[in-house]
Amino acid sequence: MRAVLQRVQHAQVVVDGNVVGEIGPGFLVLLGVGKADTEDDARYLAGKIAGMRIFSDADGKFNLALADIGGAVLLVSQFTLYADTRKGRRPSFIDAAMPEPAEALVERCAHYLREAGISVESGTFGAHMEVSLLNDGPVTILLDSERR
């Protein structure tokens, strides 16, 4: 699984003109699921996301995690994180998981985040989503469960 983790002041997802997910301070997580990913990958990434210490303490150092600041996660599935752009100009998505197993693993990741005490909002799997955010910093981290 691949995740783009963005520290945000706020973020929201709109589908068909309706807000389906919205958070204040925390992380917007764009999450892609690969063909070979398993529940272990979802558990691993949820643990990394929940424990990522990229919020500033009183000294301005990255020492605080989501729980320390009462932050939330807006989790948005994004198969395009598995784009292969090595050939031509149109990306291939052959390494992305099919929708059914991908949706299940996105839900498992959300489950593990909630188990860690993190408030989780999400987009709508497979829908055309409008995502807006105010990136804080900006701070953007790439996570990949294949690179443990």
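Numbers for residues simply follow the sequence, beginning at 1. Quick note: numbers below take in every heavy atom, side chains included, and nothing from hydrogens, waters or symmetry partners.
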**Q** With heavy-atom distances below 4.5 Å as the criterion, would you say the side chains of Asp68 and Phe55 are in contact?
**A**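 A side-chain contact is absent here, since even the closest heavy-atom pair is not under 4.5 Å.
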**Q** Does the pair Asp59/Lys61 count as a salt bridge with the N-to-O cut at 4.0 Å?
**A**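 No salt bridge links Asp59 with Lys61.
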**Q** With a 4.5 Å cut-off on side-chain heavy atoms, are Val33 and Phe79 touching?
**A**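 Result no, sub-4.5 Å side-chain heavy-atom pair not found.
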**Q** To the nearest 0.5 Å, how far apart are CD1 in Ile54 and CG in Leu64?
**A**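 Going from CD1 on Ile54 over to CG on Leu64, the span is 11.0 Å.
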**Q** Looking at Arg148 and Asp40, is any side-chain nitrogen of the basic one under 4.0 Å from a carboxylate oxygen of the acidic one?
**A**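 Looking at Asp40 and Arg148, the cut-off is met.
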**Q** For Ile118 and Ala67, work out which heavy atoms get closest and say how close.
**A**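 That would be CD1-N, 4.2 Å.
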**Q** Write down the atom of Leu45, the atom of Ala3, and the distance for their closest heavy-atom approach.
**A**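 Taking Leu45 first and Ala3 second, the nearest heavy atoms are CD1-CB, 4.3 Å.
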**Q** To check you understand the geometry: which heavy-atom pair defines the closest contact between Tyr112 and Arg43, and what is its length?
**A**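 Closest pair (atom of Tyr112, atom of Arg43, distance): OH-NH2, 3.1 Å.
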**Q** Under the side-chain contact (heavy atoms from CB on, under 4.5 Å) criterion, do Asp41 and Leu105 qualify, and how do the steps go?
**A** CA-CA 8 Å; Asp41 294 288; Leu105 287 175; over 6 Å; no
**Q** Under 4.5 Å between side-chain heavy atoms, hopping through other hydrophobics if needed: is there a path connecting Leu30 to Leu74?
**A**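 Yes; Leu74 is reachable from Leu30 via cluster members.
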**Q** Report the distance from atom CG of Asp136 to atom CG of Leu28, rounding to the nearest 0.5 Å.
**A**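 Reported value, rounded in 0.5 Å steps: 13.0 Å.
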**Q** Nearest 0.5 Å please: distance from the CG atom of Leu75 over to the CZ atom of Phe125.
**A**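 Nearest 0.5 Å value for the CG-CZ distance: 11.0 Å.
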**Q** Give the cluster check for Ile23 versus Val14: same hydrophobic cluster or not, with ILVMFWY residues linked at side-chain heavy-atom distances below 4.5 Å.
**A**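 As far as the 4.5 Å side-chain criterion goes, Val14 and Ile23 are not connected within one cluster.
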**Q** Can you see which heavy atom on Glu121 is nearest to which on Gly21, and at what distance?
**A**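 Answer, listing the atom of Glu121 first, then Gly21: OE1-CA, 3.6 Å.
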**Q** Taking a hydrophobic cluster as the set of Ile, Leu, Val, Met, Phe, Trp and Tyr residues connected by side-chain heavy atoms closer than 4.5 Å, whether directly or through intermediates, do Leu142 and Val106 fall within one such cluster?
**A**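 No.
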**Q** Evaluate the criterion side-chain contact (heavy atoms from CB on, under 4.5 Å) for residue pair Asp37 and Tyr82; output intermediate values, then yes/no.
**A** CA-CA 12 Å; Asp37 290 334; Tyr82 275 87; 3.4 Å; yes
**Q** Measuring from atom CE of Met98 to atom CD of Glu103, what distance do you get when rounded to the nearest 0.5 angstrom?
**A**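 Atom-to-atom, Met98:CE and Glu103:CD are 13.0 Å apart.
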**Q** Can Lys35 and Asp95 be counted as an ion pair, charged N to O under 4.0 angstrom?
**A**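 Looking at Asp95 together with Lys35, the answer is no, because their closest N to O distance does not fall below 4.0 Å.
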**Q** Do the non-hydrogen side-chain atoms of Val29 and Val4 ever get within less than 4.5 Å of each other?
**A**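 In short, these two side chains do not touch, never coming nearer than 4.5 Å.
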**Q** Which atoms form the tightest heavy-atom contact between Val13 and Gly123, and what is the distance?
**A**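 Nearest heavy atoms, Val13 then Gly123: CG1-CA, 4.0 Å.
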**Q** Side-chain donor-acceptor pairs under 3.5 Å in residues 126-135, sequence neighbours left out?
**A**
| from | atom 1 | to | atom 2 | distance (Å) |
| --- | --- | --- | --- | --- |
| Asn135 | OD1 | Val139 | N | 3.0 |
| Asn135 | ND2 | Gln6 | OE1 | 3.1 |
| Asn135 | ND2 | Thr140 | OG1 | 3.3 |

**Q** Looking at Ala50 and Ala116, what are the two nearest heavy atoms and their distance?
**A**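 Here Ala50 and Ala116 meet closest at CB-CB, 4.0 Å.
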**Q** Starting from Leu81, can I reach Val8 by hopping between I/L/V/M/F/W/Y residues whose side chains sit under 4.5 Å apart?
**A**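 Yes, Val8 and Leu81 fall within the same hydrophobic cluster.
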**Q** In sequence, state the C-alpha distance, the side-chain angles, and the governing distance for Leu5 and Lys48, and then conclude on side-chain contact (heavy atoms from CB on, under 4.5 Å).
**A** CA-CA 10 Å; Leu5 180 78; Lys48 290 296 277 187; over 6 Å; no
**Q** Could you measure the distance from the CZ atom of Arg2 to the CD atom of Gln78? Nearest 0.5 Å is fine.
**A**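 It is 12.0 Å, given to the nearest 0.5 Å.
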**Q** Are Tyr44 and Val120 linked, directly or through intermediate hydrophobic residues, by side-chain heavy-atom contacts shorter than 4.5 Å (ILVMFWY only)?
**A**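 In one cluster with Val120: Tyr44, yes.
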**Q** For the residue pair Glu115 and His111, confirm or rule out a side-chain donor-acceptor distance under 3.5 Å.
**A**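 Judged by distance alone, the side chains do pair up.
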**Q** Could you grab the distance from atom CD1 of Ile49 to atom CG of Leu66, nearest 0.5 Å is fine?
**A**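 These two atoms lie 9.0 Å from each other.
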